[in-house]
Amino acid sequence: MKDLISLHDLTSNEVKGLLDLGLKLKKELKSGIPHPLLKGKTLGMIFTKSSTRTRVSFEVGMTQLGGYPLFLSSNDIQLGRGETIHDTAKVLERYLDGIMIRTYAHSDVVELAEEADIPVINALTDLLHPCQVLADLMTAYEHKGRLEGLKFAYIGDGNNMAHSIMYGCAKVGVNCAIATTKDYQCNEEVVENAKADFAAGSADLLLTEDPIEAIKDADIVYTDTWVSMGMEAEKAERQKVFMPYQVNKELFAHAKDDAIFMHCLPAYRGFEVTEDIIDGPHSVVFDEAENRLHVQKAVMATLMG
Ligand code: CP
Ligand code: NVA
């Protein structure tokens with residue numbers, strides 16, 4: 001494992017290993033046990049999109065590991081003015097021990113990882129968000145005491161979150177149901193890859209346009225914004241089309257009584273989820289946000305240690 005680009009690239013054991021290490025590092029942090037696993041190492045963090053959780057959790061995580069995080073906004077580096085990914089990779093690998101990148105085109109992250117001799121971590125592209133799903137699975141494990149055999153229902157846009165959720169669930173034996181509307185389905189290549197991953201594991205994948213079918217008896221209910229970064233021009237249309245996919249009390253009632261509600265955040269109350277659900281007793285969204293820190297420390301320690 002040189003990079004973390006997609007959970008599809010990882011074996012089941014690699015995914016489980018990251019979750020286990022994330023849980024261990026969380027426990028150590030809470031007990032005041034220091035773990036300077038990346039002492040003296042530097043992580044470059046390239047952002048061409050906004051971020052609250054990802055930026056702060058990677059910066060704090062790197063600091064807790066004894067390393068140094070370097071924030072590189074695309075507005076400030078030459079990549080944003082047309083320097084090639086190749087040249088950027090070849091230069092940065094001379095200074096840094098790892099690169100974390102959040103950007104639009106997934107192919108840019110793949111290229112960066114191919115060109116750079118140092119580890120590259122995908123911190124969200126238009127296609128995938130693997131770090132988020134590692135945190136989600138860790139959170140589900142903490143709340144449910146197991147992963148294998150659970151049912152994970154994702155309701156909403158067939159976006160980067162839906163894609164990474166499919167990949168992640170397949171690797172850890174979680175049954176996955178995705179409900180999305182006809183015109184906003186998941187990427188076909190990702191679906192084919194995910195189907196192969198599910199076929200190789202113990203869990204099932206259900207793709208449907210019916211949110212009730214997806215959420216029925218779910219242990220984990222998940223949604224994400226209907227208007228991802230870069231989709232702002234489609235906002236009005238999306239907010240109309242996705243309304244029947246809103247996670248509200250009525251829809252949530254079809255899940256198991258003890259189901260947990262998850263959302264990668266940022267959330268838009270009154271659109272993809274109602275206030276009574278995201279701020280209600282089933283919601284674990286802030287545990288999820290916290291776990292970004294712990295599991296990404298596991299990713300960095302594994303790749304850069
Ligand atoms: N969930 C997530 O990635 O949040 P940010 O966009 O704030 O980093
Ligand atoms: N699907 C969202 C996730 C944000 C963390 C986006 O890409 O904007």
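The shown structure was predicted, so the numbers you read here are calculated from the model rather than taken from an experiment. Whatever order the structure lists them in is the order used to number ligands and atoms, beginning at 1.
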Decide whether an N or O pair under 3.5 Å exists between C264 and ligand 1. yes
Which atoms of ligand 1 have any heavy atom of T52 under 4.0 Å away? 5 (P), 7 (O), 8 (O)
Using a strict 4.0 Å cut-off to heavy atoms of L265, name the atoms of ligand 2 that fall inside it. 5 (C)
So is H129 close enough to ligand 1, meaning a heavy atom under 4.0 angstrom away? yes
For the residue pair Y184 and F242, does the interplanar ring angle fall in the parallel (under 30°), tilted (30 to 60°) or perpendicular (over 60°) class? tilted
Any salt bridge linking E213 with K216? Criterion: basic side-chain nitrogen under 4.0 Å from a carboxylate oxygen. no
With nothing but distance in play, are any N or O atoms of L124 less than 3.5 Å from an N or O of ligand 2? no
Go through ligand 2 atom by atom and flag the ones less than 4.0 Å from a non-hydrogen atom of N159. 1 (N)
Output yes when the distance from some N or O of ligand 2 to some N or O of R102 is under 3.5 Å, and no in every other case. no
Looking at ligand 2, does V227 have a heavy atom less than 4.0 Å from it? no
Nearest protein heavy-atom contact for atom 6 (C) of ligand 2: which residue, which atom, what distance? S228 OG, 3.3 Å
Closest protein heavy atom (residue, atom, distance) for atom 8 (O) of ligand 2: M229 N, 2.8 Å
Heavy atom of L265 under 4.0 Å from ligand 1? yes
Looking at K90 and E115, would you say the former's side chain and the latter's main chain have a donor-acceptor pair under 3.5 Å? yes
Can you pull out the closest protein heavy atom to atom 3 (C) of ligand 2? Residue, atom name and distance to 0.1 Å, please. D224 OD2, 3.7 Å
For N193 and Y167, which I'm curious about, is there any donor-acceptor pair between the side chains at under 3.5 Å? yes
Got a donor-acceptor contact below 3.5 angstrom from the H254 side chain to the I215 backbone? no
Would you check if the side chain of S57 reaches a backbone N or O of R53 as a donor-acceptor pair within less than 3.5 Å? yes
Using the ring pair (Phe, Tyr, Trp, His ring centres under 6.0 Å) definition, which of the options F261, Y222, F252 pairs with H282? F252
For atom 7 (O) of ligand 2, what's the nearest protein heavy atom and its distance? N160 ND2, 2.8 Å
Is the backbone of T125 close enough, under 3.5 Å, to the side chain of N160 for a donor and an acceptor to pair up by distance? yes
Quick one: look up the protein heavy atom nearest atom 4 (O) of ligand 1 and list residue, atom name and how far away it is. R53 NE, 2.8 Å
Would one find an N or O of S51, backbone or side chain, under 3.5 Å from an N or O of ligand 1? yes
Any link between I178 and V247 through a network of hydrophobic side chains (Ile, Leu, Val, Met, Phe, Trp, Tyr) touching at under 4.5 Å? no
What I'd like to find out is whether the side chain of D126 reaches to under 4.5 Å of the side chain of H106, using heavy atoms alone. no
Could you check whether any side-chain N or O of K41 sits under 3.5 Å from a backbone N or O of G66, counting only pairs where one atom can act as donor and the other as acceptor? no
If the contact criterion is a heavy-atom separation under 4.0 Å, does R102 count as touching ligand 1? yes
At under 4.0 Å between heavy atoms, is it the side chain or the backbone of R292 that contacts ligand 1, or both, or neither? side chain
